[in-house]
Amino acid sequence: MAATPISLQAQDGLPKPQRVRAMLVILLGIAVSVIDGTIVNLALPGIAQQLRAEAAHAIWVVNAYQIAILVMLLPLASLGDRIGYRRVYLVGMTLFALSSIAAMLAHSLPMLIAARAVQGLGAAGLMSVNAALVRLIYPSEQLGRGMALNSVVVATASVAGPSVAAAILSVASWPWLFALNIPLGLLVVTLGRLALPANRSAAGSRGSSFSAVDVLLNVAMFALIFIGADRLGVRDPGQGAPAASAWLLLLAGVAVGFVYIRRQLGLALPLFPVDLLRIPVFALSMGTSVTAFCAQMLSLIALPFLLLETYGRTHVEAGLLITAWPLSIVVMAPIAGRLIGRIPDGLLGGIGLTMLACGLAALAMLPSHPSNADIVWRMALCGMGFGLFQSPNNHTIVSSPPPHRSGAASGMLGTARLTGQTLGAVVLAGIFSAWGSHDGRGQVIALSLAAGFAAVAAVCSMLRTRDAQKAAAG
């Protein structure tokens, strides 16, 4: 017998006991999916060896997961607006857990890649409606705290992923990496059926039909852009000039995107939410998110090259130094959550992004023989700035659209993050192709450009404060 979901109609959020249970489900689910996105990286050499595959092919164990998430975020978010976020979330987690069994049992690389693609589809179900569910769970005046909790868990899970992988691989082989998902996934599904709220959908609205053509165009656009970016050197920049095929794939993605967006302009509930992009504060928040995540990815890929090749740090030392960044996010995100509502989101995000820009500029100007302390305080400044920006920005993205479009806003939140990260990786590939990475010049240029992106993001964020003042005056 199916569990009866908690129904939200006129009430604003859930009562506190129900809110705590629902958020535990949300946070556990997002932690499992984030850890799964990072846990496999450490095992790739062993997977390639055991399955007798080349390293270049084994990378698709990671790529398949990421592409599946990217191409399905918006379709599943739109589906959540129509049939309910709770249903999309629970089906996504069920699929995620079942595909983990297939990944455990895979005895060839194609089977493992296929299982990882299905895992990514399940993870997209979680990520696409995660923020929309948080909006249902929390009263509007406390939504910032919910978004801050999300940010803390994502940052913590990102840090924990490699450590969890190392612990498992020290006592077992790589298939056991996926075993962790099975009991946790089933626990999330069981608790979620009892604790997660249901929402009224907009399925009856005119023009809200779910078009398979639009889904295919969405998949083609993001897949072509991701694969083109990957060929430009996302995984191993500095390997030489990008192939012409990579640029052709990127151009094809842009061409498909042009056709796709034009199809969306006249729809009442478009799959790609162009209706939300007409809301000035939402559009500025998306620009802020894309440029900020571009700066983050550009710097986080360049920093290992800088620490290992230029400053001669060991892999362990480099890993520990870089960890200061996400740990600072964990510290700052709850503070940012408490400041939401007291300080305008645009101003709070702008201050954080200015801190990020200063930290990145300081990293670009490191002395020729920096101490660990020289590096750590700069990393910490970047992390604190990013943590101060992320929760207020997410709060604006989720709260500015009308409630029946919360799913679309949630999907755009994840899409902006992945788009910015892909753009950062493409830019870094171009920098390393032009200047290389061995003498440190390419890394310094990358960090300087990342500081520039963070500064642009800060301007976008501050402009939201101006728009909010105009709206209040009007």
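Here the structure is a predicted model, which is why all the values come from computation and not from measurement.
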Let's go through V444 and R441 carefully: what are the C-alpha distance in whole Å and the side-chain angles of both, what is the deciding distance for side chain to side chain contact (heavy atoms under 4.5 Å, CB included) to 0.1 Å, and is it a yes or a no? CA-CA 5 Å; V444 170; R441 188 180 176 191; 5.9 Å; no
Could you please spell out the steps behind the side chain to side chain contact (heavy atoms under 4.5 Å, CB included) verdict for F222 and L418? CA-CA 10 Å; F222 284 113; L418 292 169; over 6 Å; no
Let's go through R21 and L191 carefully: what are the C-alpha distance in whole Å and the side-chain angles of both, what is the deciding distance for side chain to side chain contact (heavy atoms under 4.5 Å, CB included) to 0.1 Å, and is it a yes or a no? CA-CA 8 Å; R21 290 194 292 270; L191 297 178; over 6 Å; no
Test side-chain hydrogen bond (donor to acceptor under 3.5 Å, both in side chains) on D81 and S78 and set out the steps. CA-CA 5 Å; D81 280 337; S78 181; 5.5 Å; no
Let me see the working for T310 and F305 under side chain to side chain contact (heavy atoms under 4.5 Å, CB included), right down to the final yes or no. CA-CA 7 Å; T310 306; F305 287 90; over 6 Å; no
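Ring to ring, F293 and F386 are close: their centroids are under 6.0 angstrom apart.
Side chain of Q296 to main chain of Q421: no donor-acceptor pair is present (N/O by atom type, distance under 3.5 Å, no hydrogens or angles). Panel note: side chain N218, backbone V71; a donor-acceptor pair is recorded below 3.5 Å. Panel note: side chain R135, backbone V398; a donor-acceptor pair is recorded below 3.5 Å. With Q142 contributing its side chain and P139 its backbone, the two residues share no donor-acceptor pair below 3.5 Å. Under a 3.5 Å cut-off, the side chain of Y85 and the backbone N or O of G407 do form a donor-acceptor pair.
A heavy-atom distance below 4.5 Å is found between the side chains of R313 and I375. In this structure, the side chains of N181 and I35 stay at 4.5 Å or more apart for every pair of heavy atoms. L303 is listed as a side-chain neighbour of M379, based on a closest heavy-atom distance under 4.5 Å. Residues T156 and V34 have side chains not in contact (no heavy-atom distance under 4.5 Å, counting atoms from C-beta outward). Side-chain atoms of S289 and L413, non-hydrogen and from C-beta on, never get closer than 4.5 Å to each other. Residues S299 and W325 are in side-chain contact: their nearest non-hydrogen atoms beyond the backbone lie under 4.5 Å apart. Side-chain contact between S328 and V331 is absent, with no heavy atoms from C-beta onward closer than 4.5 Å. Between R338 and P334, every side-chain heavy-atom pair lies at or beyond the 4.5 Å cut-off.
Of the N and O atoms on the side chains of T288 and S461, not one donor lies less than 3.5 Å from an acceptor on the other residue. A donor-acceptor contact under 3.5 angstrom links the side chains of R116 and Q119, judged on distance only. With no hydrogens or angles considered, a side-chain donor-acceptor pair links N393 and R464 at under 3.5 Å. In this model, no donor atom of one side chain and acceptor atom of the other lie less than 3.5 Å apart for N394 and N150.
Residues passing the side chain to side chain donor-acceptor pair (under 3.5 Å) test with R87, sequence neighbours excluded: none. Scanning for side chain to side chain contact (heavy atoms under 4.5 Å, CB included) contacts around L28 gives V32, L184, L187, V188, with sequence neighbours left out. In terms of the salt bridge (charged side-chain N to carboxylate O under 4.0 Å, His left out) criterion, residue partners of R263 (sequence neighbours excluded) are, by chain and number, D214.
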Do any side-chain atoms of residues 120-133 form donor-acceptor pairs under 3.5 angstrom with protein atoms, and if so which ones, sequence neighbours left out?
residue: S128; atom: OG; partner: A124; partner atom: O; Å: 2.9
residue: S128; atom: OG; partner: G125; partner atom: O; Å: 3.2

Please output the side-chain donor-acceptor pairs of residues 343-369 that fall under 3.5 Å, not counting sequence neighbours, one pair per line with the distance.
residue: D345; atom: OD2; partner: H395; partner atom: ND1; Å: 2.6
residue: D345; atom: OD2; partner: T396; partner atom: OG1; Å: 2.8
residue: T354; atom: OG1; partner: G350; partner atom: O; Å: 2.8

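Closest approach of P403 and S406 over heavy atoms only: O-OG, 2.9 Å. Across all non-hydrogen atoms, the minimal contact from Y89 to V25 is OH-O, 3.4 Å. The heavy-atom pair separating S391 from M147 by the smallest distance is OG-O, 4.0 Å. Across L388 and M332, no two heavy atoms sit closer than the pair N-CG, 3.5 Å. Taking every heavy atom of both residues into account, P273 and L74 meet most closely at CD-CD2, 4.1 Å. When all heavy atoms of L298 and A446 are compared, the pair lying nearest together is CD2-O, 3.5 Å.
Annotation: the span from L90 atom CG to M93 atom CE amounts to 9.0 Å, rounded to 0.5 Å. For the atom pair CD (Q443) and OH (Y311), the distance works out to 9.0 Å, reported to the nearest 0.5 Å. To the nearest 0.5 Å, atom OG1 of residue T415 and atom CD1 of residue I69 are 11.0 Å apart. The CZ atom of F272 sits 8.5 Å away from the CD atom of Q264 when rounded to the nearest 0.5 Å. Expressed to the nearest 0.5 Å, how far CG of L224 lies from CG of L251 amounts to 10.5 Å. The distance from the CG atom of L267 to the CG atom of D275 is 9.5 Å, given to the nearest 0.5 Å.
Here salt bridge (Lys or Arg N to Asp or Glu O under 4.0 Å) pairs that include residues 278-287, with residues two or more places apart or in two chains, number zero.
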